[in-house]
Amino acid sequence: MFHIIEKQIQRLVSGHLTARYGETMEVAIESPKQSSFGELALPVAFQLARTLKKAPRAIAQELAGDLGALPGVATIEIAGNGYLNLRLDRGAYGHALLAGGGAAASTGHKIIVEHTNINPNKAAHIGHLRNSVLGDTFVRMLRASGNTVEVQNYIDNTGVQVADVVVGFHYLERKSAAEVAALAAAPRFDYLCWDLYARVSQYFKEHPESEKWRAETLHAIEANQGAQAELAHVVADAVVLRHLATMRRLDIVYDVLPRESEILHLQFWATAFELLKQRGAIYLATEGKKAGCWVMAGSHFRENVTADEDDADDSKVIVRSNGIVTYVGKDIAYQLWKFGLLGKDFHYKPLLEEAPGHTVWVSTDEEQSAGAPHFGAGHTVYNVIDTRQSYLQDVVAAGLRALGYEEQAGRSIHFNYEMVALTPGTCVELGIELSEEDRKRAYVEVSGRKGLGVKADDLIDKLIEKALAEVEDRNPDKPAVARLLAATQIATGALRYFMLKFTRNTVIAFDLREALAFVGETGPYVQYAAVRAGKILSKFGERGETLPDFAAVLTQEAFERQLATEDLWQTVLLISKAESALEDALAKGEPAHFAKYAFQLAQGFSAFYDGYSVIHEQDPERRAFLLWVTLYFGRQLAWTLDILGIPAPAYM
RNA sequence: GGGGACGUAGCUCAGCUGGAUAGAGCGUCCGCCUCCUAAGCGGAAGGCCGGCAGUUCGAAUCUGCCCGUCCCUACCA
């Protein structure tokens with residue numbers, strides 16, 4: 001509701017400025033520093049001061065006089081050096097809230113969000129969790145504001161990481177595809193791969209000559225022939241299913257899994273390669289370290305480098321001298337497909353039903369796409385990828401530009417975020433051994449290669465265990481199944497909120513104690529507010545009472561009387577800002593901002609809960625009003641939690 | 001060497017395109033459950049916003065320089 005008023009005033013004031021001063025400008029609207037100053041603050045007088053060469057306060061005075069009555073606004077005051085502070089007409093505002101507002105309008109463009117993208121060669125860890133939670137929440141935010149969104153989870157099933165685990169099974173363990181398939185059928189095959197991957201990495205370090213196994217394996221995989229290729233399929237397919245299962249524990253699902261194997265087998269890369277060569281985006285290096293490689297010149301993706309300054313050292317290898325394309329090359333082909341620019345499409349087959357009525361599809365090279373939605377061909381593409389890969393993302397975007405797709409390159413957005421690292425303290429707590437130098441660092445990077453990290457499923461298990469103990473303690477009378485469900489929901493809420501509370505460019509120094517916290521600024525705190533609101537209403541029902549006819553009792557005059565109480569007005573105002581908070585967070589591209597709003601909303605309700613006894617209230621009008629606030633809060637918080645992907649438990 | 005991010009309370013972090021007395025959580029200390037679940041609420045202490053200069057009516061926010069931390073700069077991704 002608040003955002004509607006905000007926009008309306010913005011429009012009216014902006015129109016007035018154009019008419020009065022001939023100034024066209026975006027009218028900024030802020031919240032006053034103190035709530036006692038009103039609900040909206042306009043610093044326009046400051047903005048105008050420059051061009052009009054007048055004191056801000058004088059301009060503010062003029063504006064206050066000229067603007068006249070604004071709809072929904074009770075008073076306009078001049079404050080400070082020239083602020084215009086507006087107070088809303090509380091009665092009218094409350095009454096409008098009761099009547100309800102409109103839904104978000106659809107934009108019509110398809111937005112593609114690519115996230116998760118975990119190499120299918122080991123278990124998911126907390127770093128991957130940040131990616132998935134960030135991506136999934138952003139998707140929910142986009143959808144809640146009316147966008148059509150397609151969620152893609154790119155599977156690099158032919159890359160070096162999968163190859164390394166295949167090396168482990170084939171050369172070190174000497175296992176056949178059938179034997180590995182049997183292992184893969186057991187629970188948590190991804191954990192087994194986690195250890196093997198670390199072992200292989202260590203083996204390569206100690207026996208550099210054995211790295212030829214990796215090259216052989218990569219060749220076999222790319223050619224899709226031989227035992228290693230078969231093993232790669234077994235490993236990658238099984239681990240992908242494990243990743244999907246892990247993410248589903250956090251209510252994260254996908255629409256389609258485009259796989260690198262199809263990028264190769266369906267000649268996506270070959271097509272892109274031809275395009276890149278034809279348009280001179282890449283060239284064959286003939287001398288130096290990169291002789292024999294197809295490279296992209298540094299001037300394409302680096303600023304401040306002119307073509308004649310181009311240094312072979314700055315160039316990026318797209319195709320290795322042994323003929324194998326790099327990840328970046330394949331990603332350029334993939335990006336082209338995402339925008340519908342490649343002139344080719346995958347075939348698709350249903351992989352599994354992730355939720356009732358929701359099927360996740362996977363790319364395939366065999367024609368069997370019956371019933372598949374039309375994937376790809378997006379208008380805007382968000383790539384949720386950690387910030388360390390900025391360089392590679394720049395190369396990919398440069399690839400699009402070099403092919404003449406300037407607009408699409410601009411709408412290909414690297415939704416970057418910082419890594420999750422471990423504090424040395426947490427490593428000690430988890431029994432992870434650290435080197436001398438690592439121990440001195442503020443934090444150490446999670447590394448799959450070193451097997452250094454906290455596995456996602458382990459963390460979720462821990463959270464559920466802790467939540468269950470609390471739930472059992474508080475709800476001994478509830479059935480075990482229901483308690484487990486509540487504990488699982490609390491764990492999900494705690495984890496998702498934890499991953500979201502940091503802004504994207506903050507390195508999360510993962511602290512186990514903080515991640516396991518259920519008090520303070522946490523998911524469970526927010527969930528608890530929802531539980532309490534629900535409890536008020538269920539207790540009310542248990543007493544055999546029925547809700548009043550709000551429209552009849554809560555007239556505009558009644559709202560005016562009730563909202564004259566300052567803290568109640570602040571509570572209602574806060575509840576009405578959910579849509580506004582979403583818009584703000586989307587504009588900033590910062591899910592953390594929306595998570596923060598959820599927390600503030602819960603804080604507001606907790607104070608309300610403490611300060612007012614709803615069902616024991618004697619005055620009928622006040623009681624109806626308090627009930628309405630409770631209902632309104634419940635509705636807005638449910639909407640907010642849903643967008644954050646945080647479930648609302650029945651009790652806690 | 002080049003590119004980028006960061007430095008705000010004891011700790012972990014928010015602070016929007018400059019704006020009114022710099023915020024939150026944790027931790028510490030003090031209060032609050034015969035009353036809708038205390039995973040809660042109220043209060044207190046705690047800050048030269050890394051440093052210096054500049055831009056201006058006004059700077060945590062913008063610019064430059066310095067100090068410190070981190071990431072990237074692979075024929076890994």
Side-chain angles (χ1 to χ4, degrees), chain A residues 26 28 30 32-34 37 41 43 46 49-50 55-56 79-83 85 117 119 156 159-161 163-164 214-215 285 289-295 298 302-305 313-314 316-322 324 326-328 331 385-392 394 416 418-419 421 441-443 445 449 467 470-471 474-475 490 494 501-503 505-509 511 513-514 517-522 524-525 527-529 531-540 542-543 584-585 587-588 590 592-593 596 599-600 603 606-607 609-616 630 651-652:
Chain A
E26 181 106 351
E30 304 169 358
K33 202 75 187 162
Q34 281 181 49
F37 293 163
F46 296 110
R50 261 166 239 253
N81 282 326
Y83 270 102
N85 287 338
N117 302 4
N119 275 300
D156 181 359
V160 172
Q161 296 211 18
D164 282 359
R214 175 190 278 163
K289 279 193 302 191
K290 292 170 186 170
C293 298
W294 284 90
V295 302
R302 279 183 201 276
E303 282 176 36
N304 310 321
V305 178
D313 284 350
D314 274 347
K316 173 64 194 164
V317 170
I318 305 298
V319 182
R320 302 174 177 102
S321 56
N322 63 7
I324 295 178
T326 60
Y327 162 80
V328 177
D331 205 18
I385 300 175
D386 87 74
T387 198
R388 285 171 297 184
Q389 296 194 41
S390 294
Y391 160 70
L392 297 176
D394 288 347
N416 61 344
E418 272 288 356
M419 62 177 170
R441 301 165 74 93
Y443 48 74
E445 209 174 320
R449 204 166 278 281
E470 300 260 1
V471 172
R474 288 156 214 251
N475 301 278
I490 292 164
K501 70 191 281 193
F502 304 91
T503 48
N505 64 0
T506 297
V507 175
I508 299 181
D511 183 89
R513 242 196 330 273
E514 263 181 64
F518 291 164
V519 301
E521 194 191 336
T522 65
Y525 175 91
Q527 292 173 309
Y528 189 57
V531 166
R532 286 173 134 188
K535 193 59 180 271
I536 291 174
L537 299 169
S538 66
K539 267 277 155 65
F540 183 80
E542 277 169 34
R543 290 159 62 112
D584 183 63
K588 290 277 167 339
E590 208 50 276
H593 289 175
K596 185 65 125 189
F599 173 64
Q600 287 167 342
Q603 268 186 320
S606 294
Y609 182 92
D610 205 63
Y612 297 89
S613 185
V614 178
I615 61 183
H616 300 112
T630 306
Y651 51 85
M652 292 176 68

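Residue numbers start from 1 in every chain, and the chains themselves are labelled A, B, ... in the order their sequence lines are given, proteins ahead of strands.
- Here A:A517 lies out of heavy-atom contact (under 4.0 Å) with every strand.
- Comparing A:Y609 and A:K33, the nucleotide of RNA chain B nearest to each residue sits closer to the 5' end for A:K33.
- Protein atom CE of A:M652 is 11 Å distant from nucleotide atom C1' of B:G40, rounded to whole Å.
- Within the 4.0 angstrom heavy-atom criterion, base atoms lie near A:I490.
- Between A:I536 and A:D610, the residue whose closest nucleotide on RNA chain B is further toward the 5' end is A:I536.
- Using a 4.0 Å heavy-atom distance criterion, A:V328 is classed as making no nucleic acid contact.
- Rounded to whole Å, the distance from CG on A:D394 to P on B:A77 is 17 Å.
- Side-chain atoms of A:S321 and base atoms of B:C75 include a donor and an acceptor less than 3.5 Å apart.
- Between A:Y528 and B:A39 there is a side-chain N or O to OP1 or OP2 distance below 4.0 Å.
- Residue contacts shown for A:F46 include a base, since a base heavy atom lies under 4.0 Å away.
- The phosphate of B:C6 has OP1 or OP2 within less than 4.0 Å of a side-chain N or O from A:N505.
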task: Using the side-chain contact (heavy atoms from CB on, under 4.5 Å) rule, take A:M652 and A:E470 through it: C-alpha gap first, then chi angles, then the decisive distance, then the call.
output: CA-CA 8 Å; A:M652 292 176 68; A:E470 300 260 1; over 6 Å; no
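- A:Y83 qualifies as a stacking partner of the B:A20 base, centre to centre under 5.5 Å and near-parallel within 30°.
- Among the protein residues, A:Q161 comes within range of no part of the nucleic acid, since none of its heavy atoms lies under 4.0 Å from any strand.
- Using a 4.0 Å cut-off, some side-chain N or O of A:R532 falls inside it from OP1 or OP2 of B:A38.
- Rounded to an integer number of Å, the gap from A:D164 CG to B:A74 P is 20 Å.
- Across all strands, A:L537 comes closer than 4.0 Å to no nucleic acid atom at all (heavy-atom distances).
- Rounded to a whole Å, the NZ atom of A:K535 is 13 Å from the P atom of B:C35.
- Contact annotation: A:R513 side-chain N/O to B:C26 OP1/OP2 distance is not under 4.0 Å.
- Listed by first residue number, the stems of RNA chain B with at least three Watson-Crick or G-U pairs below 3.5 Å are B:1-7 with B:67-73, B:10-13 with B:23-26, B:28-32 with B:40-44, B:50-54 with B:62-66.
- A:F540 has its CZ atom 12 Å from the C1' atom of B:C36, to the nearest Å.
- Atom pair A:K316:NZ and B:G2:C1' shows a separation of 17 Å (rounding to whole Å applied).
- For the OP1/OP2 pair of B:C71 and a distance below 4.0 Å, the side-chain nitrogens and oxygens of A:R441 include at least one atom meeting the criterion.
- In this structure, A:K596 does not reach the B:G15 phosphate: none of its side-chain N or O atoms is under 4.0 Å from OP1 or OP2.
- Rounded to an integer number of Å, the gap from A:D386 CG to B:G4 P is 18 Å.
- Taking atom CG of residue A:L392 and atom P of nucleotide B:C75, one finds them 11 Å apart after rounding to whole Å.
- Across all strands, A:N85 comes closer than 4.0 Å to base atoms (heavy-atom distances).
- Phosphate contact (OP1/OP2 of B:G25, side-chain N/O of A:Q603, threshold under 4.0 Å): present.
- Within 4.0 Å of A:A291, counting heavy atoms only, lies at least one base atom of the nucleic acid.
- Using a 4.0 Å heavy-atom criterion, one finds that A:Y391 contacts the sugar-phosphate atoms exclusively.
- The residue A:F502 sits close only to the backbone: its heavy atoms come under 4.0 Å of sugar-phosphate atoms, none of a base.
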